[in-house]
Enquirer: 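Just dropping this structure here.
Below, all heavy atoms of this structure are taken into account, side chains as well, without hydrogens, waters or symmetry copies. What you are looking at is a predicted structure, and each value in this text was computed from that prediction instead of being measured.
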Amino acid sequence: MNWGRQLWAGIVLGLGVTYAATGSPWIQNVPEAARKESNPYANRKKAIAAGAGLFVDHCAQCHGSDALGRDGRPSLRSQEVQQATDGEIFWLLKNGALREGMPSWSSLPGPSRWQIIAYVKRMGEHSVPV
């Protein structure tokens, strides 16, 4: 790698670390109407169980099977995620936040996304049997 590429890589890495350290701005992009959406599957045992399977298939690879995050990916048990409205998280799953490394899961049907949210919210900030 030549000097110019090394410098550019260092700048990009530095900006990425600075950007990550300032918090997750994805939530600022959520439209008000989306924030107010409620989860039709919240607190439903069958939906939470279905969400657990979907989580393993679609989320655990990046966020860990315990949802505590890994390899720089955020914990889904964090206060930021747990206090976000279900509508905000649904918007994130649909639209992604590519700058932050979160892909869009718009190809996943809406009911499946709601089930994942029901499961993640059931886990909460602490380790709780689901």
Side-chain angles (χ1 to χ4, degrees):
M1 182 184 298
N2 69 29
W3 184 85
R5 283 186 174 182
Q6 287 176 339
L7 177 61
W8 179 247
I11 291 170
V12 170
L13 179 62
L15 288 173
V17 169
T18 301
Y19 189 77
T22 61
S24 297
W26 68 266
I27 203 161
Q28 298 168 5
N29 297 322
V30 180
E32 192 59 33
R35 290 180 198 282
K36 294 179 181 179
E37 287 188 60
S38 60
N39 187 345
Y41 298 106
N43 300 314
R44 292 189 175 179
K45 288 184 180 187
K46 288 183 180 179
I48 292 168
L54 290 162
F55 181 88
V56 168
D57 291 343
H58 300 284
C59 311
Q61 181 179 358
C62 292
H63 295 283
S65 60
D66 56 4
L68 291 173
R70 63 177 200 192
D71 299 330
R73 273 48 174 256
S75 169
L76 301 181
R77 294 181 183 221
S78 69
Q79 190 174 29
E80 178 185 23
V81 173
Q82 291 297 316
Q83 290 183 355
T85 68
D86 289 356
E88 289 168 335
I89 297 171
F90 187 85
W91 183 92
L92 176 64
L93 291 176
K94 180 180 178 185
N95 296 286
L98 293 179
R99 289 182 132 181
E100 298 166 21
M102 176 67 185
S104 165
W105 288 101
S106 61
S107 62
L108 198 61
S112 296
R113 285 182 261 144
W114 285 122
Q115 290 170 338
I116 290 171
I117 295 165
Y119 174 69
V120 168
K121 289 292 188 130
R122 174 63 177 89
M123 283 191 284
E125 289 185 47
H126 306 287
S127 181
V128 177
V130 289

Enquirer: Checking the side chain of Arg77 only, and the main-chain atoms of Asp66 only, is there a donor and an acceptor separated by less than 3.5 Å?
Expert: yes
Enquirer: Given side chains that start at C-beta, do those of Trp105 and Ile116 come closer than 4.5 Å, heavy atoms only?
Expert: no
Enquirer: What's the separation between atom CZ in Arg99 and atom CG in Asn29, rounded to the nearest 0.5 Å?
Expert: 9.5 Å
Enquirer: What distance do Arg122 atom CZ and Phe55 atom CZ have between them, rounded to the nearest 0.5 Å?
Expert: 14.5 Å
Enquirer: For Gln115 and Ala47, which heavy atoms make the closest approach, and how far apart are they?
Expert: CB-O, 3.6 Å
Enquirer: Nearest 0.5 Å please: distance from the CG atom of Leu54 over to the CD1 atom of Ile117.
Expert: 11.5 Å
Enquirer: Applying the 4.5 Å side-chain criterion to the ILVMFWY set and letting contacts propagate, would Leu76 and Leu68 be lumped into a single cluster?
Expert: no
Enquirer: When you compare the side chain of Ile27 with that of Arg35, does any pair of heavy atoms fall below 4.5 Å?
Expert: yes
Enquirer: Look up atom CD in Glu80 and atom CD1 in Ile89, then write down how far apart they are to the nearest 0.5 Å.
Expert: 9.5 Å
Enquirer: So how far is it from Arg113 CZ to Asn39 CG, rounded to the nearest 0.5 Å?
Expert: 11.5 Å
Enquirer: Is a side-chain N or O of Ser75 found less than 3.5 angstrom from the main chain of Ala67, in a donor-acceptor match?
Expert: yes
Enquirer: Which heavy-atom pair separates Gly51 from Tyr119 by the least distance, and what is that distance?
Expert: C-CB, 3.7 Å
Enquirer: Are Val81 and Met102 in one and the same hydrophobic cluster, where Ile, Leu, Val, Met, Phe, Trp and Tyr link if side-chain heavy atoms are under 4.5 Å apart?
Expert: yes
Enquirer: Quick one: CD on Glu88 to CD on Glu32, what's the gap to the nearest 0.5 Å?
Expert: 8.5 Å
Enquirer: Without swapping roles, check the side chain of Lys121 against the backbone of Gln82 for a donor-acceptor pair under 3.5 Å.
Expert: yes
Enquirer: Pair His63, Arg70 - check side chain to side chain contact (heavy atoms under 4.5 Å, CB included), show working.
Expert: CA-CA 6 Å; His63 295 283; Arg70 63 177 200 192; over 6 Å; no
Enquirer: Taking the six-membered ring for Trp, are Trp114 and Phe90 parallel (under 30°), tilted (30 to 60°) or perpendicular (over 60°)?
Expert: parallel
Enquirer: Can you give me the closest heavy-atom contact between Ala118 and Ala42, atom names plus distance?
Expert: CB-CA, 4.4 Å
